[in-house]
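Side chains included, hydrogens not; waters and symmetry mates left out as well; all remaining heavy atoms used.
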Amino acid sequence: MAADDIFAQLLDRVFAANEKLIAAGVLPAGIDQSRISIEPPRDAAHGEMATNAAMVLAKEAGKKPRELADAIAQQLRADDLIDKVDVAGPGFINLVLKPAAWIDALRTAVRRGAHYGRSDIGKSEPVNVEYVSANPTGPMHVGHCRGAVFGDALASLLDFTGFKVTREYYINDAGAQVDVLARSAFLRYREALGEPIGDIPEGLYPGDYLKPVGAALAAEYGDKLKAQPEADWLPLVRAKAIDMMMAAIRDDLAALNITFDVFFSERSLNTGEIDRVAETIAWLRQRGDVYEGRLPPPKGAPIEDWEDREQTLFRSTAFGDDIDRALKKSDGSYTYFAADIAYHRSKLERGFRTLIDIWGADHGGYIKRMQAAVAALSDRKAVLDVKVVQLVKLLRAGEPVKMSKRAGEFVTLREVVDEVGRDAVRFMMLFRKNDAVLDFDLAKVLEQSRDNPVFYVQYGHARAQSVFRNARAVFPDLPADFTSPRVLSAANPEQLSDPAELSLMRRIALYPRIVEASSIAHEPHRIAFYLYELASEFHALWTLGNASPHLRFIIQDDRQLTEARLVLVQGVATVLASGLKLLGVEAPNEMR
RNA sequence: GCGCUCGUAGCUCAGCUGGAUAGAGCAUCAGACUUCGAAUCUGAGGGUCGGGAGUUCGAAUCUCUCCGAGCGCGCCA
């Protein structure tokens, strides 16, 4: 499959070796080889690559691991990619490759350019990634932006690895909260008409951001709405407020370079010709997954107005949940969960069998029931993976930034992006596992030092470009497009033999594997960490040139060697640019 | 009480879904600039991977059980 991937190539060589052993009767025919892996050992003393083949096969083959390892090693010694084979430890087969193998990997990286690392592991399978889905009741605040960035990067990563990705936003435009929004906006409408409104009453949204909504309503309706009963004006005001809030949210997302393919309205589920929610419940009821019944009261915190009554329940316990879940409130309207089931059914109807939802940590308790619902709706054929993003602690030089939600004072996403820039926000949000709490220090992120990974990685890319600029100055007759794959692949990277150079090539060769693993695990942070390591190794090689001038990239009196090293630098630049692009971060040509 | 997530160097965190002697950054200490950009680099010290048991050739990683932190626990979304 991925011809880019030197690991896949080597794995094939191991399989080939095993085939010979099967032919020779050393291994039984049809032995399970699926658990064989090849990977770079942690310790460089163990060679450049190691495989567990002998240890994995030993049991089924009825042989001692070491003995089998010797047999496999014997076969591998004949391989043209492999320079040295050792058997070590409990039966590891350690390999040292011919330098040509690494140089080949480097050539591949440069030749493939922006496509290097791309793969088809997704086999064009449609995947729906739903993220952000913030309530349209106000501008986006910092809490939202981690999920936004995570979802966007994950979607890019899946796209890069051959999935057909749909980026989707679920608008929670039904329910009590948007009615509160409408009442809050109505107050601002009266204010816009010149009426003194005093303090915003408890229970309404106090933020100033609703003033433009009030003004827009006044411009559109004059004072016509004022005399109407709430039942008349509320739908109008609500629609206007939701529209304007969604426009603001889209703007905020655009500031982070985040766009969506689909905005799906919750309200549209049961305001159209068919009530999709009712229809879904009926469908599930017919299958026996919805019934009328009673729930025991929760064991934990006592509920004041607990009322033991018969209600409409989804049999989520049949699909791994702890308790069956209510679909209707006591007033007869649907619960949020009921609408969410109908919504996920829509995703399935649109042909998705792989669903990914990105939720805040406070929704963790909701995962099992939603997965149960997807299982029930799809006859257990579709899979819902819910990625939970932990909260972000906003700091300034180590001190928490205080926000008062009650007074409507929160730090908006826009404020943070304006202060530290889109790249810093995006990279930092991804420089941590999604389920770990993240400290985001506004002061540190502006710092230009090794302590700031955004800067550190971008600086690596800028430095690479700087080498190219200087090379052009030293060798004025270099073709203008000398960093293009065509010209570079004509250069002679065989001269790259220093351990630091080889090590950098190995790191570059690792990229497709990192991309693939990140994609399968749904963990874009691995890309961020990899880029940090790649940049680090590049900075180290750079500085080596201070004490050892013969290791500099540009050697005045050796054009051939210089060109070879430019290939290496281009390999670094290519991968840095590619990885940063996956994360949605700029790869600058200079940092000034 | 139950469920989910987490617990790794003084601090902030990785650890490639089970691999060999557990790694980075910060902080501390000692070094490298008439430089292809020192906004960088090199080295040193620092660990019972929360505790215990199990699974197997092999466990930070999987299972169980304690301890500790965060989140959630009909009719909020």
Side-chain angles (χ1 to χ4, degrees), chain A residues 35 37 39-43 45-46 50 52 55 58-59 64-66 88-92 94 133 135 137 172 174-178 266 295-301 303 305-307 309 311 313 321-326 328-337 339-340 360-368 388 390-391 431-433 435-437 439 447-453 455-456 459 462-463 466-471 473-474 510 513-514 517-518 520-521 523 525-526 529-530 532-533 536 539-547 549 552-556 562 565 569 590-592:
Chain A
R35 289 178 56 227
S37 68
E39 47 194 288
R42 228 191 318 249
D43 188 340
H46 295 131
N52 61 356
M55 292 179 291
K59 203 171 205 174
K64 289 181 183 157
R66 293 282 306 212
F92 284 103
N94 294 332
S133 299
N135 293 340
T137 53
N172 300 133
Q177 291 191 17
V178 283
E266 177 186 357
L295 286 180
K299 290 267 164 43
I303 296 164
D305 56 347
W306 174 262
E307 167 201 358
R309 64 175 178 89
Q311 54 188 338
L313 297 171
D321 199 0
D322 313 306
I323 196 162
D324 292 340
R325 304 291 177 176
K328 279 186 175 179
K329 306 177 193 171
S330 56
D331 67 0
S333 64
Y334 300 120
T335 59
Y336 179 81
F337 180 48
D340 219 0
D362 52 342
H363 290 62
Y366 196 79
I367 295 175
K368 278 187 185 178
V388 163
Q390 265 293 351
L391 84 168
F431 201 61
R432 185 111 319 168
K433 257 185 315 201
D435 49 15
V437 179
D439 289 341
E447 207 173 283
Q448 299 192 329
S449 73
R450 176 152 201 167
D451 204 15
N452 177 0
F455 166 78
Y456 188 75
Y459 181 40
R463 265 187 154 176
S466 166
V467 173
F468 297 142
R469 285 192 293 271
N470 286 309
V474 173
L510 205 54
R513 182 186 171 85
I514 298 286
S518 307
I520 290 168
E523 290 184 351
H525 77 273
R526 295 191 196 181
F529 280 95
Y530 166 84
Y532 185 84
E533 285 162 7
S536 172
H539 286 311
L541 178 58
W542 180 295
T543 307
L544 230 43
N546 285 347
R552 294 185 183 185
F553 300 116
I554 297 170
I555 307 293
Q556 303 253 358
T562 301
R565 287 186 174 157
V569 175
E590 50 183 356
M591 300 298 286
R592 294 175 216 279

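- In this structure, the nucleotide among B/A14, B/G37, B/U40 sitting nearest to the side chain of A/Thr543 is B/U40.
- Protein atom CD of A/Glu523 is 9 Å distant from nucleotide atom C1' of B/U17, rounded to whole Å.
- On the P atoms, B/C29 is 24 Å away from B/C13, given to the nearest whole Å.
- More than 12 non-hydrogen atoms from other residues, nucleotides or ligands lie less than 6.0 angstrom from CZ of A/Arg309.
- In this structure, the aromatic ring of A/Trp306 is positioned over the six-membered ring of the base of B/G74, centres within 5.5 Å and planes within 30°.
- Using a 4.5 Å heavy-atom threshold, the side chains of A/Phe92 and A/His46 count as separate.
- A sub-4.0 Å separation between OP1 or OP2 of B/C57 and a side-chain N or O of A/Lys59 is present.
- Side-chain atoms of A/Arg432 lie closest to B/C13 of the nucleotides B/C16, B/G3, B/C13.
- When the nucleotides B/A77, B/C75, B/G37 are ranked by their closest atom to the side chain of A/Arg463, B/G37 comes out on top.
- Which of B/G3, B/C75, B/A77 sits closest to the side chain of A/Asp322 comes down to B/G3.
- With A/Asn52 contributing its side chain and A/Ser37 its backbone, the two residues share a donor-acceptor pair below 3.5 Å.
- Using modelled atom types, no side-chain atom of A/Ser466 and backbone atom of A/Ala462 make a donor-acceptor pair closer than 3.5 Å.
- One can place CD1 of A/Ile367 at 8 Å from P of B/U5, the figure rounded to the nearest angstrom.
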Using Watson-Crick and G-U wobble pairs whose two distances are both under 3.5 Å, how do you write the pairing of RNA chain B as dot-bracket, with | for links to another strand? (((((((..((((.....[...)))).(((((.......))))).....(((((..]....))))))))))))....
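- Side chains of A/Arg526 and A/Tyr530: a donor-acceptor N/O pair is absent below 3.5 angstrom, by distance only.
- In this structure, the nucleotide among B/C6, B/C76, B/C75 sitting nearest to the side chain of A/Gln177 is B/C76.
- Both A/Val467 and A/Val437 sit near RNA chain B, but only A/Val437 has its closest nucleotide nearer the 5' end.
- When each of B/G3, B/A77, B/G15 is scored by its nearest atom to the side-chain atoms of A/Lys368, the top-ranked nucleotide is B/G3.
- For B/G37, the OP1/OP2 oxygens have a side-chain nitrogen or oxygen of A/Ser466 closer than 4.0 Å.
- In this structure, A/Phe431 atom CZ and B/U12 atom C1' are separated by 10 Å, rounded to whole Å.
- With hydrogens and angles ignored, no donor-acceptor pair closer than 3.5 Å exists between the side chain of A/His525 and the base of B/A14.
- Rounded to an integer number of Å, the gap from A/Phe455 CZ to B/U40 C1' is 9 Å.
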Go along nucleotides 20-28 of chain B 5' to 3' and tag each nucleotide: B for a protein heavy atom under 4.0 Å from its base, S when only backbone or sugar atoms are that close, - otherwise. BB--SSS--
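- Under the 4.5 Å side-chain criterion, counting only non-hydrogen atoms from C-beta, A/Gln556 is in contact with A/Val474.
- The nearest whole Å value for the distance from the CZ atom in A/Arg325 to the P atom in B/G3 is 13 Å.
- The side chain of A/Ala540 approaches B/U42 more closely than any other nucleotide in the set B/C57, B/U42, B/C75.
- Across the protein-nucleic acid pair, A/Lys433 atom NZ and B/U17 atom P stand 14 Å apart, rounded to whole Å.
- Proximity of a side-chain donor or acceptor of A/His539 to a complementary backbone N or O of A/Tyr456 within less than 3.5 Å is detected.
- Taking atom CD of A/Gln311 as the reference point, atom C1' of B/G74 lies 6 Å away to the nearest angstrom.
- When distances run from any side-chain atom of A/Asn470 to the nucleotides B/C16, B/C13, B/G37, the shortest one goes to B/G37.
- Checking B/C76, B/G72, B/G74 against every side-chain atom of A/Lys329, the shortest atom distance belongs to B/C76.
- The distance from atom CG of A/Leu391 to atom C1' of B/C6 is 13 Å, rounded to the nearest whole Å.
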